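See below for the structure under consideration.
Note that the structure is predicted; figures quoted are calculated from it, not measured.
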Amino acid sequence: MLDFIHPGETLAVTRIDRLARSLRDLQTIVARLKEKGAHLAAIQTKLGAGLSPTEIAREMGIARDCL
């Protein structure tokens, strides 16, 4: 799907844990979306632009010591 998203489009997922298996996966996906000028929206979480890695990890249920 990342190959087909266009600038200005938004990738919407129900929960961020359905998109990425780890924080590293999420960082890679977000970087690719930024390169393409696209956005990410997680419907059932409070994730959005401007959150720190710790806040994202909390939303994903990743232990802080894994960061």
Can you give each donor-acceptor pair under 3.5 Å made by side-chain atoms of residues 28-35, sequence neighbours left out, with the distance rounded to 0.1 Å?
residue	atom	partner	partner atom	Å
Thr28	OG1	Arg24	O	3.1
Arg32	NH2	Asp3	OD1	3.0

Non-hydrogen atoms of Ala20 and Leu26 that approach each other most closely: CB-N, 3.6 Å
Leu40 and Ile16, any side-chain heavy atoms less than 4.5 Å apart: yes
Evaluate the criterion side-chain contact (heavy atoms from CB on, under 4.5 Å) for residue pair Met1 and Leu11; output intermediate values, then yes/no. CA-CA 9 Å; Met1 90 190 119; Leu11 173 60; 3.5 Å; yes
How many angstroms lie between NZ in Lys36 and NE2 in His6, if you round to the nearest 0.5 Å? 7.5 Å
Find out if a path of hydrophobic residues (ILVMFWY) with successive side-chain heavy-atom gaps under 4.5 Å connects Leu2 to Phe4. no
